[in-house]
Amino acid sequence: MSGDTKTLFREYPRFLWRCFQLSFVGDWKYYTWMFFLSVVALFGLNAYAKQFVQGLITTGMTDQVSWALYIANFTYLVGVAAAAVMLVIPVYIYKNKDLHNLVIFGELLAVVAIIMCLLFITADLGRPDRFHHLFLRFNFPMSILTWDVIALNGYLLLNLHICGYLIYCAYNNRRPTRKFYIPFVFVAIVWAISIHTVTAFLYSGLGGRPFWNSAVIAPRFLASAFAAGPALIILTLQVIKASTGYPVSEKAISTLKGIVTVALGINMFLLISEVFTEFYTGTTHAASARYLFFGLHGYSALVPWIWTAIGLNSFALIVLLTPAGKKRWVLNAACVAMIVGIWIEKGMGLIVPAFIPSPLGEIVEYVPTLNEILVCTGIWAFGLLIYTILVRVTIPVLYGELTVDTVYHTDPEKKLKQRQATKEATKEAMKESASVSL
Amino acid sequence: MQLPIMTNTTNEDGCPTRQYASRPGMTRRSFLRRGTAATGAVAAIAASLSPLRELADTDEFTVANFIQKHYKEMDGQDMAKALERISAQVEKRYDIRPNIRDIKPMDGVEFVYALNLTRCIGCRKCVHACVAENNQSRSPEIQYIRVLEMPRGTNDIEQGNHHYQRATVPSEDHYYMPIQCHQCASPPCVKVCPVEATWQEPDGITVIDYDWCIGCRYCEAACPYWARRFNFSKPSIPNDKINPNMSYLSNRPRSKGVMEKCTFCLHRTREGKMPACLEVCPTGARKFGNILDPDSDVRKILESKRVFVLKQDLGTLPRFFYYFDERDPINEKVPTGTPSGGDA
């Protein structure tokens with residue numbers, strides 16, 4: 001065993017190197033997509049370099065609205081990361097057979113979403129050069145931000161381990177050892193809930209911001225995340241299927257559709273609860289909510305945003321609940337609608353209005369700058385870039401096309417031949433390992 | 001094209017091949033193509049990072065800055081070194097040698113502020129005296145004190161006017177409410193800081209270690225009194241406006257990307273002087289002192305006047321109290337004044 005383990009460790013750098021090489025191999029569509037993402041990411045890097053030199057003055061933030069687009073994207077992506085659990089729970093707890101070969105894409109999405117979260121937090125820091133102060137004086141457990149640091153990084157490590165272990169086992173034609181990943185999977189399920197709960201507590205724990213100071217924030221975060229996240233996964237799986245031929249069953253999509261519908265329904269219900277409490281009570285604490293939904297003292301920058309979000313989410317929910325939702329393009333439209341709708345709800349609907357009016361009643365509206373938007377799109381592009389690479393190398397490994405003892409063929413004829421040849425040999429192993437592992 | 005593989009392997013016909021010896025994937029053409037692509041990528045990244053060249057002439061990213069300890073972990077020698085470094089920086093930047101010290105709190109002192117709303121005329125002299133005393137950035141403008149013009153008949157601060165402009169103050173149908181850091185006994189800002197860059201001193205003043213703050217602005221989101229300010233860019237102060245009497249925890253010049261706030265002018269008050277905002281006040285509306293001293297003004301005010309604090313329901317326990325005189329101010333002649341430096 002020890003000699004075997006040694007070979008496994010020795011092989012690892014080569015595995016990484018081959019994955020790295022493989023990430024540069026693809027058809028013209030792949031190259032165009034990657035080139036596009038690289039360009040957007042570089043524009044973002046350039047915008048961030050400007051911000052690093054000049055300070056956060058390059059953003060639209062002010063002392064009044066001191067958190068905005070970066071924190072909004074961060075919050076949204078925490079939700080996307082947490083949503084991977086909506087694939088993990090059916091497979092590992094309810095032994096769902098349709099999703100078992102797809103879980104890994106959810107977990108990879110979680111890894112990428114957390115990386116993007118960390119980038120958005122870094123972009124939001126005034127002094128990223130002092131990041132190491134976190135290790136020297138960590139205000140735990142008083143500051144919820146320190147809880148979030150632990151939650152996010154822990155979740156990243158858990159998912160890196162689970163995905164990395166399973167993929168590397170497949171690469172080595174080995175059956176994964178249950179004790180090396182099953183416990184982590186169950187820890188990750190609880191951890192996924194915790195990352196979004198802790199992130200919600202960041203906001204709801206502030207007594208000075210009545211708009212956030214509500215117990216329904218954490219449940220609302222989870223509900224919206226479990227709608228937007230799986231919606232994103234539905235679209236992603238279809239792209240993966242179309243571009244690589246990886247099997248994605250209709251039943252898998254319809255299971256996810258069920259999850260999305262319930263989660264979106266709960267999200268709308270919680271929104272209604274929130275709105276009722278704010279407006280029926282009619283206290284002055286509802287100033288932010290009034291600003292958001294109807295405008296306050298002639299200021300109404302966020303009003304179109306929130307009604308667009310409500311419109312999109314309502315459209316998605318109605319469509320999913322009616323027979324129209326059975327058509328694939330309608331389902332996809334609903335997914336896009338709720339991804340956008342929930343993004344607006346988290347950003348323009350949750351982060352920004354808490355700062356308007358300010359604690360002293362001053363109304364200063366927020367408009368993001370071009371530089372700020374470029375940083376955001378850059379981080380999104382970088383995230384998609386990593387995700388594309390991860391999926392790109394994972395699929396051949398799962399197919400048995402890139403393993404420790406095979407040559408990877410790009411020529412379609414050879415590939416097919418190899419696929420057929422390895423089919424028999426890998427079938428058993430794949431079946432066994434897949435049913436327990438993925 | 002095949003990926004080069006550095007091991008013995010078997011091709012699809014079952015013949016053993018040694019991939020690394022010949023590297024069939026690497027022809028001259030593909031080598032050139034890859035080379036061009038790699039060069040292009042490096043050039044593109046370098047171009048994206050080009051704004052960083054401006055960092056060459058900054059003194060913010062020195063090793064001394066990087067390894068400097070947290071305020072509470074510094075011994076006398078560390079502090080002396082830090083003060084020397086800061087002095088040199090100030091001298092280089094503003095062409096003036098500052099007298100910068102680390103002034104410790106006094107024993108048996110807890111500072112409290114009391115503000116007489118009957119007397120305040122809204123002249124904003126306190127706002128500008130504060131800026132001058134505490135070396136706040138003039139551009140972008142940072143002010144610790146915000147004066148609200150309140151309609152008579154309410155104490156709901158959401159009805160206050162932040163941006164009143166009058167030739168003379170006060171206006172007959174308004175009263176004025178200056179708001180600054182309330183130096184809470186239970187400060188939400190301190191609780192949330194992830195790196196302990198802000199804390200409450202034994203004399204009740206909440207301070208910030210400007211060299212430790214990472215600029216996450218969580219404290220700014222947590223403060224119910226909007227008392228904290230962030231340096232969105234490098235602060236700019238004209239050389240002739242620098243106040244050379246500085247302390248580590250209060251008015252030394254800040255850098256870009258960190259928080260700052262009112263410190264009750266601790267470099268003055270810890271040495272028995274009054275805060276700058278109090279000293280400049282033309283009406284005597286501001287009272288400051290040690291609440292533990294039974295003979296202090298603030299003690300007498302808190303014992304005899306009808307005082308209140310802002311947002312009491314939040315449980316922050318402010319050390320900044322407001323009160324009205326027992327007399328009827330409308331039927332009495334109140335002092336008038338002209339607003340100070342409204343456009344300064």
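Please read these numbers as outputs of a predicted model, since none were measured by experiment. Below, read A as the first sequence line, B as the second, and so on, with proteins coming before strands; counting in each chain starts at 1.
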Practice task
Indicate yes or no: at least one non-hydrogen side-chain atom of A/Phe52 is less than 4.5 angstrom from one of B/Leu55.
Solution key: yes
Practice task
Using non-hydrogen atoms and a 4.5 Å limit, figure out which bit of B/Ile179 sits close to chain A: side chain, backbone, both or neither.
Solution key: side chain
Exercise for the section: Pick one of side chain, backbone, both or neither for B/Asn161, based on which atoms fall under 4.5 Å of a heavy atom in chain A. Expected result: neither
Exercise for the section: Answer with side chain, backbone, both or neither: which region of B/Arg146 has an atom nearer than 4.5 Å to a non-hydrogen atom of chain A? Expected result: side chain
Fill in the blank from the handout: A/Ala49 and B/Ser48 have their tightest heavy-atom pair at CB-O, 3.9 Å
Exercise for the section: Flag the one option from A/Lys50, A/Met142, A/Met61, A/His133 with the top tally of heavy-atom pairs under 4.5 Å to chain B. Expected result: A/His133
Problem - Side-chain (B/Trp226) to main-chain (A/Asp63) donor-acceptor, under 3.5 angstrom - result: yes
Practice task
Please determine, among A/Gly361, A/Ser143, A/Gly55, A/Gly208, the option with the most heavy-atom pairs under 4.5 Å with chain B.
Solution key: A/Ser143
Exercise for the section: Kindly check if the number of other-residue, nucleotide or ligand heavy atoms within 6.0 Å of CZ (A/Phe140) is above 12? Expected result: yes
Problem - Contacting moiety of B/Leu148, where chain A heavy atoms sit under 4.5 Å - result: side chain
Practice task
Report yes if the side chains of A/Leu206 and B/Val192 come closer than 4.5 Å at any heavy-atom pair, otherwise no.
Solution key: yes
Practice task
Decide whether B/Ser255 and A/Arg127 meet the rule of one side-chain donor and one side-chain acceptor closer than 3.5 Å.
Solution key: yes
Exercise for the section: For the residue pair A/Phe138 and B/Val195, establish whether any side-chain heavy-atom pair is separated by less than 4.5 Å. Expected result: no
Practice task
Can you establish whether the number of heavy atoms outside A/Tyr31 located under 6.0 Å from its atom OH is more than 12?
Solution key: yes
Completion exercise
Counting heavy-atom pairs under 4.5 Å with chain A, the top scorer among B/Lys234, B/His70, B/Arg229 is B/His70
Handout entry: Interface moiety of B/Ala47 toward chain A, non-hydrogen atoms closer than 4.5 Å
Key = backbone
Handout entry: Beyond-backbone contact of A/Val53 with B/Arg53, side-chain heavy atoms, under 4.5 angstrom
Key = no
Handout entry: Short side-chain to backbone donor-acceptor contact, B/Tyr218 and A/Leu202, under 3.5 Å
Key = yes
Problem - Contacting moiety of A/Thr58, where chain B heavy atoms sit under 4.5 Å - result: neither
Fill in the blank from the handout: Answer key: most heavy-atom pairs under 4.5 Å with chain A among B/Ala41, B/Gly215, B/Pro194, B/Pro224 is B/Pro194
Handout entry: Side-chain donor/acceptor of B/His162 to backbone N/O of A/Leu360, under 3.5 Å
Key = yes
Exercise for the section: Return yes if some donor-acceptor pair links the side-chain N/O of B/Lys191 with the main-chain N/O of A/Ile144 below 3.5 Å, else return no. Expected result: no
Practice task
Please determine, among A/Val39, A/Asp129, A/Ile363, the option with the most heavy-atom pairs under 4.5 Å with chain B.
Solution key: A/Asp129
Handout entry: Check: A/Leu136 and B/Glu73 side chains under 4.5 Å, non-hydrogen atoms
Key = no
Exercise for the section: Tell me, for A/Phe355 versus chain B, whether the close heavy atoms (under 4.5 Å) come from the side chain, the backbone, both or neither. Expected result: side chain
Exercise for the section: Select one option (side chain, backbone, both, neither) describing which atoms of A/Glu362 are under 4.5 Å from chain B's heavy atoms. Expected result: both
Fill in the blank from the handout: Okay, B/Lys69 and chain A: the region with an atom under 4.5 Å from a heavy atom over there is neither
Exercise for the section: Assess whether atom CZ of A/Phe43 is packed by more than 12 heavy atoms of other residues, nucleotides or ligands within 6.0 Å. Expected result: no
Exercise for the section: Using modelled atom types only, decide if a donor and an acceptor are shared between the side chain of A/Asn139 and the backbone of B/Cys193 within a distance under 3.5 Å. Expected result: yes
Problem - Atom CH2 of A/Trp212: over 12 foreign heavy atoms under 6.0 Å - result: yes
Exercise for the section: Return yes if some donor-acceptor pair links the side-chain N/O of B/Arg217 with the main-chain N/O of A/Trp67 below 3.5 Å, else return no. Expected result: no
Problem - Within-4.5 Å side-chain heavy-atom neighbours: A/Arg130 and B/Phe66 - result: no
Problem - Interface moiety of B/Ile45 toward chain A, non-hydrogen atoms closer than 4.5 Å - result: both
Fill in the blank from the handout: Given B/Trp212, B/Phe230, B/Tyr225, the one with more heavy-atom pairs under 4.5 angstrom with chain A than any other is B/Trp212
Fill in the blank from the handout: Looking only at heavy atoms, the pair that brings B/Cys216 and A/Leu125 closest together is CB-CD2, 3.6 Å
Handout entry: Distance in Å, B/Ser50 OG paired with A/Asn46 CG, rounded so as to fall on 0.5 Å steps
Key = 5.5 Å
Problem - Non-hydrogen atoms of A/Ala287 and B/Glu158 that approach each other most closely - result: CB-OE1, 3.5 Å
Handout entry: chain B contact via A/Ile57 - which portion, at a heavy-atom distance below 4.5 Å
Key = both
Practice task
Look at atom OH of A/Tyr366 and say whether more than 12 heavy atoms of other residues, nucleotides or ligands are closer to it than 6.0 Å.
Solution key: yes
Practice task
Give the minimum heavy-atom separation between B/Ile157 and A/Pro359, together with the two atoms involved.
Solution key: CD1-O, 3.5 Å
Completion exercise
Counting heavy-atom pairs under 4.5 angstrom with chain B, the leader among A/Arg209, A/His297, A/Gln54 is A/Arg209
Handout entry: Heavy-atom pair count under 4.5 Å with chain A, highest-scoring of B/Gly315, B/Cys223, B/Ala197, B/Cys213
Key = B/Cys213
Handout entry: Separation between OG of A/Ser66 and CE of B/Met259, rounded to the nearest 0.5 Å
Key = 7.5 Å
Fill in the blank from the handout: Pair count under 4.5 Å, heavy atoms only, with chain B: among A/Leu134, A/Asp124, A/Thr146, highest is A/Asp124
